[in-house]
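Data first, discussion second: the structure below is written as structure tokens.
Order of the sequence lines sets the chain letters (A, B, ...), proteins ahead of strands, with each chain counted from 1.
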Amino acid sequence: MEHIRTPKVEQVKLLDRFNNKSVTGTLHLTATHLIFVESNSASAQEIWILHHHIASVEKLSLTTSGCPLLIQCRNFRVVHFVIPRERDCHDIYSSLLRLLRPVSYDELYAFSYNPKQNDQQREEGWQLIDLAAEFERMGVPCDQWQMTDVNREYKVCETYPRDLYVPITASKPIIVGSSKFRSKGRFPVLTYFYQEKKAAVCRCSQPLSGFSARCLEDEHMLQAISKANHNSRYIYVMDTRPKLNALANRAAGKGYENEDNYSNIRFQFVGIENIHVMRGSLQKLLEVIGTRSLSMPDYLVGLENSGWLRHIKAIMDAAIFLAKAVTVEGASVLVHCSDGWDRTAQVCALGSLLMDPYYRTIKGFMVLIEKDWISFGHKFADRCDQLDTDPKEVSPIFTQFLECVWQLTEQFPQAFEFSEWFLIQIHEHIHSCQFGNFLGNSQRQREDLQLKERTYSLWAYLLSEKQNYLNPLYSPSFAESHPVLEPSTQAYHFKFWRNMYHQYDRSMHPRQSILKQVLTLKESNRELEATVQALKTKLQKFGVSTSPLKPKTPPIERSLPPRPQSLILGAPLLSRKEVQQEEEDEEVFGEEAREDPPASTGGERTVEGSSATENGYGELPGSFGSKNEPAVVTLEFGVARMTC
Amino acid sequence: MEFAELIKTPRVDGVVLHRPFMPTVEGTLCLTGHHIILSSRQDNTEELWLLHTNIDSIEKRFVGSLGTIIVKCKDLRVIQLDIPGMEECLNIASSIEALSTLDSVSLMYPFFYRPLFEVIEDGWQLFMPEEAFRDLESMTDEWRLSEVNKDFSVCPSYPSLLTVPKDIDDDSLCKAASFRHGGRFPVLSYYHKKNGMVMMRAAQPLTGTNGRRCKEDEKLINATLCAGKRGYIIDTRTIAVAQQAKARGGGFEQEANYPQWRRIHKAIERSNVLQESLIKLVEACNDQSHSMDRWLSKLEASNWQSHVKEILTTACLAAQCIDREGASVLVHGTEGTDSTLQVTSLAQIILDPACRTIRGFEALIEREWLQAGHPFQQRCAQSAYSNGKPRSEAPVFLLFLDCVWQILRQFPCSFQFSENFLIMLFEHAYASQFGTFLGNRVAERVKLQLSQKTVSLWSWVNRPQELERFLNPLYEPNNLVIWPSVAPQSLLLWEGIFLRWNRSTKCLDEAYQEMVHIIEYNKELQNKVNSLRRQLAQLETEDSPLQTP
């Protein structure tokens, strides 16, 4: 490829960002990846970094050991290379600068990625999620709600999907009139229908009310939504913005609904901050947690000052408000923010997840993302910086949604079919541009790009690896007893999501993973059940009758896909030979550790990733016993370093 | 003194008990010499039995003739009792106040408690120094058991038997003792079998402002070094604090007099600061009205997590010196009864897999806390709700347990015991029917005849039916050194203690049960497979002669 000047550099050092360890290896630059291969043959770790994942490349000032290159990734990986020759460093740097900012969609990885599937498999992948079927599952169309073809050609709103659901009483003129009164034409449409109470969750953008403008069609539209629900005389209108922001918008001819003009609405501000505040907040958070030798007060103060958890809590509070209004009061709710594709998506999706157990399954979660995020035009391309766009458009809105879900999994460990690894994997792919799902900003754009013909669907890929993303503690009966989740929003329930923001920093993680352990046991249970069955069949040939085994889970015999290498799940099991070859931080885990006799031959062992030097408890000078240095000098030097 | 004198109203009917996340109970309140009892006299409702010693403080409120007593317990629980009748309420409150602040040890409940179970294995006899020494003898002959402190005169806070270097005679020990705060001369704390390195502990040397030295003390700790090797002295105080100690006769080892040792200063806080920290933390956890920012800033201001990090880091450093650097270590702070013990005991948990078993952990607490003279009674006299003037209360032991919990969180499969075991120890350290944590040192316990007059906590805990509750289902023994991460992102608030009464744990408990179920089912299946295989193999060998002809 023309942008790559130096495809390979040897003797590159990779520094750990939190301690003084480093490994040496070879750096390869390909059209899609930056690859680091460790030279040490025993462990030979490989790091593959997709160009699309790189958020920034920085060339630091030259040091004696070479030229440092700092790469920050959108999946929160931070790598620090030291390249011996300045020239090589510059070549890599300038190639990356070009590669990480693709200018056209055609350059994205999804268009060259080929998982060796035929056309039919690819098509099937795209057919996995069917939103019409999803609305049917909710009970729509019904006597009060119908599908409208008004946006078939994307003429009324080009950022909405083609198929939209509206109250039966909302005629075309009302829809069109209402859309003209809403920012970007995003008029109120149905996104979730709570069948039990016939209450609807609708979404839209802000009205173009300015200081006094009104629109009868829009007022009719809200009236229609209200009338479609006989259980409640009023509907809630949730403006998810802080009041001040909404007021400021009035000066620009936008704003919020005037309660005097709309009958039977209950208007409510929620106070979620805008994309710029969220971007800044994440930036601050990452700065704090990236600090070396971070002290506890700096960490906690930094966490507070970043505001990150405050924003997460605000989104959660809004979703809980929505869920309560719908499930307890049986009222319909209309949610909007400014354009109705960021905060609105967060609140509608999270609120639905609280109300409907289906969205807490693997398939259901995919449907939810497809519906509230992809089809309703969350601007993934802009927010995730897929193409070289305006940096002011980038914002971790979807990341926040995933984090809210994670916070819920912490409070309800049995409510979700998937584990956090699933969330992290999805997060990985909103930036990877490896699959077509998240490319572009709207459905219309995706159709123009012919994504279904030219790229593959992430959902098919994730489903093929479903085993890896299961939450072993998931209980479908939990859904029956807790159809609606009622999380506590006490501040202390909101925790820092270490496994997301430090997913690549091995020294930060628990060294033994309960998730992995239980997942392995559950798989083992399935295999054992099959073995018991097989043994019994054999015994029966000898005329021995055995009591039939009552499988607690249906025995499924199939080979499992290889588990991805993840620090959260724990590193892959190494063969015994490899374990013995490794020196200090070899990975011993699970069965390997059990098979080996205690104090086995060969090198020392520690539990996976657990090493004293990695954690930096204090800098002990290495030359303690050295005879060459005068004792006193070493001593003073040592004390000074150790106490600092 | 008779308890009856303190109990003016022994019984009140129609009392309503409020507890967070639990239904209210109405019933009869009874006061006994050691308990508050509330019973609804219905079969299916829970009764409340609360030890007076568990009460940290109480508050009274009146609305008309309805009195309310808010009882704040040392285990951090807060309950509310609505008592009809002003006089009854006042009487109850004053009785509780009096009974929960009795000073005399011999009036404590353990002296009155008679177990409802048969003591099969007497906990008082379980962890004798002689036994620990026998284990040591099997590994090395460099040490001896000294009886120099037989009558507790050399060091009142040490036990009667102490492990010291073989070549140091009792006279030298006495001289070294006179050079150390409280007579706590350096003794063996841990022997690292893998490389023969040791960890010792002591109190600060009494160098004073004029730099006193003591040849015997130098000889004593040098005797633990192999030829040509050097060691580390870990002083748990900052250099500034250690310097200040000189003015009060204390101090630290001068490089010139201890050339084979390198001193490292760390900054573990002292008792009153820790007590303050606990009070602030619990206050922050109990305030439900906090916004996100306020919660984080309160959590930060309490400094609790900083203490956890500092203690854990120091323990890791000690372990690192021993295991990685191959050097012996001497740990001390000022008195050698608080931060010193936190460090030496945590280092052993990191280094020695035996300490991660239930028995091993009990032995560790016995060795490094009870016999080593941590003043439990003083430190645990009050907890987070005390409003009296703090004397020498401090959550030193709780911080140690918190650090163990942090390691347990990071290595959930490496411990035989679960979080419940640590919580149970916390409870019993502050209020218990057992005598184990009474007194401040071995000498006091001998004088109180605890082993004859009270039941040991271990006698109860080690019964199979009790032990079951404390086992970690994920435990897979391993012989490895476990190095925890001490990054602030890796250290969590111990919710099991600090949010224990402020949240509903139903969902978490059910999830835990499901995990236990999966693990047990796995064992069951494995057994089934094995037995079927055996059965099949047997049939096949029986069958084979028939088939071969």
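Within the 4.5 angstrom heavy-atom criterion, atoms from both the backbone and the side chain of K538(A) approach chain B. For R498(A), the part lying under 4.5 angstrom from a heavy atom of chain B is the side chain only. Both the backbone and the side chain of L299(B) come within contact range of chain A, judged by heavy atoms closer than 4.5 Å. Both the backbone and the side chain of I519(B) come within contact range of chain A, each with at least one heavy atom under 4.5 Å from a heavy atom of that chain. For a residue to count as touching a neighbouring chain, one of its non-hydrogen atoms must lie under 4.5 Å from one of that chain's; by this rule S291(B) touches chain A with the backbone only. If you measure heavy-atom distances from R294(B) to chain A, you find no contacts under 4.5 Å at all. Looking at E510(B), both its backbone and its side chain come within 4.5 Å of chain A, counting heavy atoms on both sides. Contacts between Y299(A) and chain B at a heavy-atom distance below 4.5 Å involve the side chain alone, from C-beta outward. For a residue to count as touching a neighbouring chain, one of its non-hydrogen atoms must lie under 4.5 Å from one of that chain's; by this rule F496(A) touches chain B with the side chain only.
Salt bridge absent: R263(B) and E253(B) never bring a charged side-chain N and a carboxylate O closer than 4.0 Å. The pair K266(B)-D235(B) does not meet the salt-bridge criterion, since no charged nitrogen lies less than 4.0 angstrom from a carboxylate oxygen.
Smallest separation of non-hydrogen atoms from M292(B) and A491(A): CE-O, 3.6 Å. The minimum heavy-atom distance between Q489(B) and I289(A), with the atom names listed, is NE2-O, 3.1 Å.
For CD of Q254(B), the number of neighbouring non-hydrogen atoms (other residues, nucleotides, ligands) closer than 6.0 Å is greater than 12.
Considering only heavy-atom pairs separated by less than 4.5 Å from chain A, the leading option among D293(B), L296(B), L312(B) is D293(B). Of all the listed residues (L499(B), L508(B), L493(B)), the one sharing the greatest number of non-hydrogen pairs under 4.5 Å with chain A is L499(B). Of the residues considered (V301(A), N305(A), L473(A)), L473(A) shows the highest number of contacts with chain B, using heavy-atom pairs under 4.5 Å. Looking only at heavy-atom pairs under 4.5 Å with chain A, the residue among H290(B), R503(B), E310(B), K309(B) that has the most is K309(B). If you tally non-hydrogen atom pairs under 4.5 Å between each of Q526(B), R409(B), K506(B) and chain A, the highest count goes to Q526(B).
A donor atom on one side chain and an acceptor atom on the other are not found under 3.5 Å apart for S488(A) and Q411(A). N522(B) and S524(A) are linked by a side-chain donor-acceptor pair at a separation below 3.5 angstrom, with hydrogens and angles left out of the test.
Here the NE2 atom belonging to H265(B) is positioned 10.0 Å from the OG1 atom belonging to T236(B), to the nearest 0.5 angstrom.
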Candidate pair S475(A) and E514(B), rule side-chain hydrogen bond (donor to acceptor under 3.5 Å, both in side chains), full reasoning: CA-CA 9 Å; S475(A) 151; E514(B) 175 63 20; over 6 Å; no
